[in-house]
Colleague: 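So that we are looking at the same thing, I have put the structure below in structure tokens.
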Amino acid sequence: MKVVVTKDYTEMCKLASRIFAAEITLKPDCVLGLATGSTPVGMYKELVQMYNEHRVDFSHVKTVNLDEYAGLSGDNDQSYRYFMNHNLFDHINIDKANTNVPNGTAADLQAECERYEQVVAGMGGVDIQLLGIGNNGHIAFNEPCEEFPEKTHVVDLTQNTIEANARFFSSMDEVPKKALTMGIGTIMKAKKIVLLANGPKKAQTIYDTVYGPITPKVPASILRLHPDVTIFVDEEAGALLKK
Ligand code: GLP
């Protein structure tokens with residue numbers, strides 16, 4: 001695992017966007033694993049800017065997102081499909097038919113998880129996976145638990161995550177209590193992984209991810225077993241690493 005401490009959020013986003021752009025240049029039909037949350041917004045802005053400057057071409061790129069809230073359709077402005085369209089896909093030359101987000105309104109959520117797992121496998125796996133991290137160490141929506149979940153599954157969100165994500169909704173009651181998420185096994189199959197974290201609220205979980213025991217109680221800690229992971233943190237999120 002490589003850890004890069006950047007001066008600030010802007011530098012973190014610039015460096016990470018270059019890695020994704022380089023991947024696309026080297027393999028124009030690559031599969032990008034994408035993430036939501038406030039952390040990757042700056043990186044997506046950088047990619048849009050690079051596209052506008054003709055430095056990157058998304059016409060053959062395919063994407064798979066990590067997760068989606070159960071019960072929210074793609075036109076709900078809190079859904080992760082909406083987030084991806086709004087922050088990235090609507091501003092670049094990607095074919096939306098090549099973009100995948102789990103369907104949060106599928107009648108049978110379990111069947112949707114199985115379908116999604118097949119979608120990822122059918123694309124030949126993810127070339128480079130972007131991750132954020134929850135304050136409690138969750139990646140995608142793999143919450144702290146007793147065993148690492150392997151495949152795409154339906155998850156009950158923890159109170160910690162519901163409270164953390166309530167800032168995007170008009171009230172806590174509106175935050176969905178369930179989500180569909182790639183499993184830890186699905187994520188670990190990606191050829192490369194880039195995790196981004198910024199701000200003081202992430203400092204403890206970044207310390208636990210890098211130095212603590214590898215345990216499903218800190219889901220991101222398993223990334224230490226992956227052969228190609230780079231973690232970018234700003235100085236605040238990396239503050240405890242220096243001690
Ligand atoms: C959500 C997403 C995660 C994301 C996390 C952190 O729970 N499912 O993929 O990493 O939020 O979000 P933020 O970047 O806003 O701190």
Colleague: Take a 6.0 Å sphere around NZ of Lys201 and say whether it holds more than 12 heavy atoms from other residues, nucleotides or ligands.
Modeller: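 Open.
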
Colleague: Is it true that Arg81 and Thr99 share a donor-acceptor pair across their side chains at a distance under 3.5 Å?
Modeller: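 Looking only at side-chain atoms, Arg81 and Thr99 do form a donor-acceptor pair, the distance falling under 3.5 Å.
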
Colleague: Can Arg18 and Met50 be said to form a side-chain contact (heavy atoms from CB on, under 4.5 Å), step by step?
Modeller: CA-CA 9 Å; Arg18 282 180 202 154; Met50 283 178 163; 3.8 Å; yes

Colleague: Report whether Val194 and Met1 are members of the same hydrophobic cluster (ILVMFWY, side-chain heavy atoms less than 4.5 Å apart, transitive linking).
Modeller: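 Val194 does not cluster with Met1.
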
Colleague: Taking only Lys NZ, Arg NE, NH1 and NH2, and the carboxylate oxygens of Asp or Glu, determine whether Glu23 and Lys192 approach each other closer than 4.0 Å.
Modeller: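 Judged by the 4.0 Å cut-off on N to carboxylate O distance, Glu23 and Lys192 do form a salt bridge.
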
Colleague: Could you tell me if the side chain of Thr6 sits less than 4.5 Å from the side chain of Leu15, heavy atoms only?
Modeller: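 Yes, side chains in contact.
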
Colleague: Would you please say whether a donor-acceptor pair under 3.5 Å links the side chains of Arg167 and Ser38?
Modeller: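 There is such a pair between these side chains.
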
Colleague: Check whether Tyr80 and Met84 end up in the same hydrophobic cluster, where Ile, Leu, Val, Met, Phe, Trp and Tyr are linked by side-chain heavy atoms less than 4.5 Å apart.
Modeller: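 Tyr80 and Met84: separate clusters.
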
Colleague: For the residue pair Asp57 / Asn93, report whether a side-chain donor-acceptor contact shorter than 3.5 Å exists.
Modeller: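 Yes.
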
Colleague: If you apply the rule side-chain contact (heavy atoms from CB on, under 4.5 Å), what do you find for Gln78 with Asn165, and how did you get there?
Modeller: CA-CA 10 Å; Gln78 293 308 328; Asn165 290 359; over 6 Å; no

Colleague: Is the shortest heavy-atom distance from the side chain of Thr36 to the side chain of Asn65 under 4.5 Å?
Modeller: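 Counting from C-beta outward, Thr36 and Asn65 do come under 4.5 Å.
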
Colleague: Is it true that atom CD of Glu150 has more than 12 heavy atoms of other residues, nucleotides or ligands lying nearer than 6.0 Å?
Modeller: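 Not more than 12 within 6.0 Å, no.
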
Colleague: Determine yes or no for a side-chain-to-main-chain donor-acceptor pair under 3.5 angstrom, with Thr205 supplying the side chain and Gly137 the backbone.
Modeller: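 Yes.
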
Colleague: Using side-chain contact (heavy atoms from CB on, under 4.5 Å), reason through Leu240 and Tyr211 one step at a time and then give a plain yes or no.
Modeller: CA-CA 10 Å; Leu240 300 177; Tyr211 291 121; over 6 Å; no

Colleague: Would you say Lys191 has more than 12 foreign heavy atoms packed within less than 6.0 Å of its NZ?
Modeller: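 It does: Lys191 NZ has more than 12 such atoms within range.
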
Colleague: Once you round to the nearest 0.5 Å, how far does OH of Tyr51 lie from CG of Leu88?
Modeller: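 Separation between the atoms: 11.5 Å.
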
Colleague: Out of curiosity, Thr152 OG1 to Leu66 CG, how far, rounded to the nearest 0.5 Å?
Modeller: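 Answer for the OG1-CG pair, Thr152 versus Leu66, is 9.5 Å.
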
Colleague: Of all heavy-atom pairs between Leu109 and Ala106, which one has the smallest distance, and what is that distance?
Modeller: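 That closest heavy-atom pairing would be CD2-O, 3.5 Å.
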
Colleague: If you define the side chain from C-beta out and look only at heavy atoms, does anything of Pro40 sit under 4.5 Å from Leu130?
Modeller: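 Counting from C-beta outward, Pro40 and Leu130 do come under 4.5 Å.
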
Colleague: Quick check: does any side chain N or O of Glu235 sit under 3.5 Å from a backbone N or O of Val5, one acting as donor and the other as acceptor?
Modeller: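 Checked: no pair found.
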
Colleague: Cluster question for you: counting only ILVMFWY and a side-chain heavy-atom cut-off of under 4.5 Å, with indirect links fine, are Val119 and Leu180 together?
Modeller: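 Different clusters: Val119 never reaches Leu180 through Ile, Leu, Val, Met, Phe, Trp or Tyr contacts under 4.5 Å.
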
Colleague: Please work out which of the three classes, parallel, tilted or perpendicular, describes the rings of His138 and Phe141, given edges at 30° and 60°.
Modeller: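 Plane angle between 30° and 60°, so tilted.
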
Colleague: Should we say atom CD of Glu146 is surrounded by more than 12 heavy atoms from elsewhere, each under 6.0 Å from it?
Modeller: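 It does not: Glu146 CD has 12 such atoms or fewer within range.
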
Colleague: State yes or no: do Phe83 and Leu72 share one hydrophobic cluster built from I, L, V, M, F, W and Y residues joined by side-chain heavy-atom distances below 4.5 Å, directly or via other members?
Modeller: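 Result: no, two separate clusters.
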
Colleague: If only atom types and distance count, is the side chain of Thr186 paired as donor or acceptor with the main-chain N or O of Lys151 below 3.5 Å?
Modeller: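 Such a contact is absent between Thr186 side chain and Lys151 backbone.
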
Colleague: Could you state the interatomic distance from CD1 (Ile133) to NZ (Lys202), rounded to the nearest 0.5 Å?
Modeller: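 Spacing of CD1 (Ile133) from NZ (Lys202) equals 7.5 Å.
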
Colleague: Does the Glu112 side chain pair with the main chain of Asn103, one donor and one acceptor, at a distance under 3.5 Å?
Modeller: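 Between the backbone of Asn103 and the side chain of Glu112 there is a qualifying donor-acceptor contact (under 3.5 Å).
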
Colleague: Does any non-hydrogen side-chain atom of Val4 lie less than 4.5 Å from one of Ile231?
Modeller: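 They are not in contact (no side-chain heavy atoms under 4.5 Å apart), so the answer is no.
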
Colleague: Taking NZ, NE, NH1 and NH2 as the nitrogens, is one of them in Lys96 or Asp90 under 4.0 Å from a carboxylate oxygen of the other?
Modeller: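 Salt bridge between Lys96 and Asp90, a charged N being under 4.0 Å from a carboxylate O: yes.
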
Colleague: Hey, could you give me the NZ/OG distance between Lys45 and Ser17, rounded to the nearest 0.5 Å?
Modeller: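 It comes to 13.0 Å.
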
Colleague: Donor-acceptor pair, distance only, cut-off 3.5 Å: does the side chain of His226 make one with the backbone of Arg224?
Modeller: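 Here the side-chain-to-backbone pair does not exist.
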
Colleague: Are any of the side-chain heavy atoms of Pro219 and Pro144 separated by less than 4.5 Å?
Modeller: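 With C-beta onward as the side chain, the pair touches.
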
Colleague: Can you check whether Val229 reaches Lys2 side chain to side chain, under 4.5 Å on heavy atoms?
Modeller: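 Sidechains of Lys2 and Val229: no contact.
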
Colleague: Using the rule that two of Ile, Leu, Val, Met, Phe, Trp, Tyr join whenever any of their side-chain heavy atoms come within less than 4.5 Å, decide whether Val31 and Val56 are in one cluster.
Modeller: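 Result: no, two separate clusters.
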
Colleague: So, taking the atom named CE in Met182 and the one named NZ in Lys189, what distance separates them when rounded to the nearest 0.5 Å?
Modeller: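 Rounded to the nearest 0.5 Å, the CE-NZ separation comes to 10.5 Å.
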
Colleague: Any side-chain to backbone donor/acceptor pair from Thr25 onto Ala21? Under 3.5 Å, distance only.
Modeller: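 Yes.
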
Colleague: Any salt bridge linking Lys14 with Glu11? Criterion: basic side-chain nitrogen under 4.0 Å from a carboxylate oxygen.
Modeller: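 No, Lys14 and Glu11 are not salt-bridged.
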
Colleague: Are the side chains of Ile187 and Ile193 in touch, meaning some heavy atoms are under 4.5 Å apart?
Modeller: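 Ile187 reaches Ile193 side chain to side chain.
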
Colleague: Mind listing the closest non-hydrogen atom pair of Ala237 and Ala197 along with its distance?
Modeller: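 Closest heavy-atom pair between Ala237 and Ala197: CB-O, 3.5 Å.
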
Colleague: Side chains of Asp77 and Ser79: donor-acceptor distance under 3.5 Å anywhere?
Modeller: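 Asp77 vs Ser79: no donor-acceptor pair found between side chains.
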
Colleague: Will you find, in the side chains of Gln118 and Glu114, an N or O donor that is under 3.5 Å from an N or O acceptor?
Modeller: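 Absent: no donor and acceptor within the cut-off.
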
Colleague: Can you confirm whether the side chains of Asn198 and Glu236 place a donor and an acceptor under 3.5 Å from each other?
Modeller: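 Result is no, nothing qualifies.
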
Colleague: Once you measure the plane-to-plane angle for Phe169 and Tyr69, does it fall in the parallel (<30°), tilted (30-60°) or perpendicular (>60°) bin?
Modeller: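 Perpendicular.
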
Colleague: Measuring from Met12:CE to Thr39:OG1, what's the distance to the nearest 0.5 Å?
Modeller: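 Between Met12 CE and Thr39 OG1, I get 6.0 Å after rounding to 0.5 Å.
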
Colleague: Any side-chain heavy atom of Lys178 sitting closer than 4.5 Å to one from Val155?
Modeller: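 Side chain of Lys178 against side chain of Val155, heavy atoms only: no contact under 4.5 Å found.
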
Colleague: side-chain contact (heavy atoms from CB on, under 4.5 Å) for Thr215 and Phe148? Distances and angles first, verdict last.
Modeller: CA-CA 8 Å; Thr215 164; Phe148 290 111; 5.5 Å; no

Colleague: Any chance CD of Glu147 has more than 12 other-residue heavy atoms, nucleotides or ligands included, within less than 6.0 Å?
Modeller: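 No, the 6.0 Å shell around CD holds no more than 12 heavy atoms from other groups.
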
Colleague: Would a distance-only check, ignoring hydrogens and angles, find a side-chain to backbone donor-acceptor pair under 3.5 Å from Asp234 to Gly199?
Modeller: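 Yes; at least one donor-acceptor contact below 3.5 Å.
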
Colleague: With a 3.5 Å cut-off and no angle check, do the side chains of Ser73 and Asp75 form a donor-acceptor pair?
Modeller: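 The answer is yes; a qualifying pair exists.
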
Colleague: Can Lys177 and Asp156 be counted as an ion pair, charged N to O under 4.0 angstrom?
Modeller: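 The answer is no: the pair does not qualify as a salt bridge.
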
